[in-house]
Every structure is written in C-alpha cells, then in structure tokens.
Engineer: 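Structure below; questions to follow.
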2 protein chains.
Amino acid sequence: MNAAEAVETIQREMTIFARRARASAGRMHPELSLVSYTLLGHLEERGGCRATDLAAHYALDKSTVSRQVAALERAGLIERRVDAEDHRVQVLHLTEAGRRILAQVTESRRAAFQARLADWPEQDLARFADYLVRYNAWAPQEPDDA
Amino acid sequence: MNAAEAVETIQREMTIFARRARASAGRMHPELSLVSYTLLGHLEERGGCRATDLAAHYALDKSTVSRQVAALERAGLIERRVDAEDHRVQVLHLTEAGRRILAQVTESRRAAFQARLADWPEQDLARFADYLVRYNAWAPQEPDDA
DNA sequence: AGTACAAGTTGTACTATACAACTTGAATCC
DNA sequence: GGATTCAAGTTGTATAGTACAACTTGTACT
C-alpha cells in the first residue's frame, strides 16, 4: 500500500465511521446523546463551567448549547448557579444524578470499545491510539473533519 | 501506554472525531452532505443500485433513503429507471451532473485529507489505514460505533 | 384467486443544529 | 454618571437527517 492509497483508505474509513457514529451512539445510549455525553464529560473534568465555554470549546452555537443545557437541567443531570461576580453568567455543575448517569454511560461505552478491541495486540492498540490523537490534533483552529 | 489506556484514548478520539465530522463535512461541502456523498459514491462504484440496497448497506431506514434519493433526483444528480423485470424496483443511476459533482467533492475531500496527512511517514499511513479498516470491519451485523 | 411479502412513498415526530432578534447585566468612555 | 458598547443567554424560526407506522403497488407462492 503506497501513501496515496493509504490516504484514500483513511479517508474512506473515517467517512464510514463518521456517518455511522452518531446514530449508533444514540441507539446504544438512548438516555444520553453523543453531544450531551460530551458536555457532561466536560463538566465533570472541569468541575463546572459556563455555557459559553462549552460553545467555544465544541464549536457549537450558543443557542444550541443553551437548549442542550436546558434539556440536561430538565432531566436533572446538571444545575445552574448564577455567578456571584457576574450576574449574566451561569456556572453549570453536574448533579449527583448527572454524575451517576455519566459514569454509567461511560462504563457501557468503555465496555463496548473494550469488546470491539479485545483481540487486538497491545502494540497495535497503542499505535492506533497514537495515530488518532495525531489525526485529531491537526489544525484545531479550523476543524474540517471528514 | 498499556492496553486499557490505549482503548480509552481510542474511544475518546473516535468520539471527538464523530462529533465533529458531520458538521465539518457540511461546512466544507455545502453542495453535498456526507450522506448524499456516500450514496452517490456507492452508485458510482456499483454503477447503479436499488434504494433498498442503499438502505441495507448503510443501515438507514428505507424512508430516509427514499427522501435522500428524491432530493438527489430533484437536484439532477441521479435518475431512476424502473426495472423491466420487477416494476416495484427503481434502479438508481448517476447522471452526468451527479458524476461531475461527485468527482469535484471527492477531489476536494481528497485534497483536505492529503494536506492533513502530508507529513506522516508512509509506514504510519499504511498502519493507520489498516487499523481503521479493521476497526470498521467489526461486527457488521450490529453497528455500534462510538 | 388469495395471501403473504417486498419496494417505495408519505405522514408525523423528534433531535441537533444555525442564525437572527431580543433581554439583561457589565464595562468603558467621554 | 449617564450613554454606549459588549457579553451571556434565551427564544423564534428554519433546516437536515433520521425513524416508525401506515399505505400503495407490484410479485410470488400456495
């Protein structure tokens, strides 16, 4: 396989994956869409942040985030605390339920990936992980995947 | 990096990619969504096929395919020919315009991937391509990406 | 002929998304 | 210190992609 062929294969396979991923994620975890999952995960990592930060970080419109956040709050997975310094700002925090659901979906996703990759040699796993990191790290200023 | 860490990294990076891909594809190629592109590509490869085949192959509902096909026909990119043998069946074919647009988007996508992977050593490209194929080939009967 | 199945279409609904207009609060600038 | 400008969020509106269910039409099998 020469370089041009490899690039073509990467392109094709990434496209296949991209096309499938969201729908599949929804089917696997009806309780938490891929977006919600990502946002919750971010909140967990950071221990709370603003809606605007989420929008910026994930290249989403603030209205989109606003609605996602509203849904997550309605579901009782996060709560908003108005910032004492700046009353425009709402700092978002996971609730206990949010933390629980997040952990549960994380675990179920982990298990699915684990199963899928179970019989890969460790060296291949390490290389694949490394390639993906390198691939995604490209040009963060202009995301143009797929 | 041990196996568990590698699996976790793969999971995280695939998720990031999945979340970004569609929107980015849309922004890059407003004239052809990722789905349309995929369907057109399939038609090109096979030299025409039925809507049902597309649905089965891409795990889409037949109604979804029906509307996609309708849109592509409206845009003049494909045409339907009722099968002489079985009048229920419509065999879909690319039109000249469809072939042109497809080639154009393919080229622009190819260039984007090319640029992104330009400074990867050939061996890494080959391995990455191989890993992706292996990853996507898993359990075609139950797609559960991301 | 009659029943069962297959291909496609259409009605309906939902999710994710963006853009634009708006509200509310903070900060800056004469 | 009031007026202007900017930032955070919300809401209205629109679009794409998707699924499921109900339906139509055509084929095949008994």
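To find a chain, count down the sequence lines: A is the first, B the second, and so on, and within it residues start at 1. The analysis underlying the following values was restricted to heavy atoms, covering all of them including side chains, and did not include hydrogens, waters or symmetry mates.
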Engineer: Is the backbone of A:Glu5 close enough, under 3.5 Å, to the side chain of A:Thr9 for a donor and an acceptor to pair up by distance?
Structural biologist: yes
Engineer: Roughly, in whole Å, what's the span from CD in B:Gln90 to P in D:dG26?
Structural biologist: 12 Å
Engineer: Rounding to an integer number of Å, can you tell me how far A:Leu54 CG sits from D:dA8 P?
Structural biologist: 13 Å
Engineer: Examine D:dG17: is either OP1 or OP2 under 4.0 Å from a nitrogen or oxygen in the side chain of B:Ser33? Give yes or no.
Structural biologist: yes
Engineer: With heavy atoms under 4.0 Å as the rule, sort A:Thr52 into base, sugar-phosphate or nothing.
Structural biologist: sugar-phosphate
Engineer: Looking only at side-chain N and O atoms, does A:Ser66 come under 4.0 Å of OP1 or OP2 in D:dT11?
Structural biologist: no
Engineer: Between A:Asp61 and B:Leu60, name the one whose nearest nucleotide on DNA chain D is closer to the 5' end.
Structural biologist: A:Asp61
Engineer: Is there a donor-acceptor pair closer than 3.5 Å between any side-chain N or O of B:Thr106 and the backbone N or O of B:Leu102?
Structural biologist: yes
Engineer: Is the distance between the ring centroids of B:Trp120 and A:Tyr131 under 6.0 Å?
Structural biologist: yes
Engineer: Say whether, by atom type as modelled, one donor and one acceptor occur between the side chain of B:Thr95 and the main chain of B:Glu79 under 3.5 angstrom.
Structural biologist: no
Engineer: To the nearest Å, how far apart are A:His57 NE2 and D:dA8 P?
Structural biologist: 16 Å
Engineer: Identify whether the distance between the nearest side-chain nitrogen and carboxylate oxygen of A:Arg50 and A:Asp53 falls below 4.0 Å.
Structural biologist: yes
Engineer: Of the nucleotides D:dG12, C:dA16, C:dA7, which one has an atom closest to the side chain of A:Val35?
Structural biologist: C:dA16
Engineer: Can you find a side chain N or O atom of B:Gln68 that sits less than 4.0 Å from OP1 or OP2 on D:dG17?
Structural biologist: yes
Engineer: Of all of residues 80-88 of chain B, which get a heavy atom below 4.0 angstrom from DNA chain D, listed by number?
Structural biologist: B:Glu85, B:Asp86, B:His87, B:Arg88
Engineer: Taking NZ from B:Lys62 and P from C:dA6, how many angstroms apart are they, rounded to a whole number?
Structural biologist: 10 Å
Engineer: Can you find a side chain N or O atom of A:Thr64 that sits less than 4.0 Å from OP1 or OP2 on C:dT17?
Structural biologist: no
Engineer: Say whether, by atom type as modelled, one donor and one acceptor occur between the side chain of A:Arg110 and the main chain of B:Glu8 under 3.5 angstrom.
Structural biologist: no
Engineer: To the nearest Å, how far apart are A:Tyr58 OH and C:dT17 P?
Structural biologist: 12 Å
Engineer: In whole Å, I'd like the distance from the CG atom of A:Leu32 to the C1' atom of C:dT15.
Structural biologist: 14 Å
Engineer: So, OP1 or OP2 of C:dA16: does either fall under 4.0 Å of a side-chain N or O from A:Arg67?
Structural biologist: no
Engineer: Atom CG of A:Leu39 and atom P of C:dA16: how far apart are they, to the nearest Å?
Structural biologist: 10 Å
Engineer: So what's D:dA21 paired with, Watson-Crick or G-U wobble, going by both distances under 3.5 Å?
Structural biologist: C:dT10
Engineer: Is it the case that A:Ser63 and A:Ser66 place a side-chain donor and acceptor less than 3.5 Å from each other?
Structural biologist: no
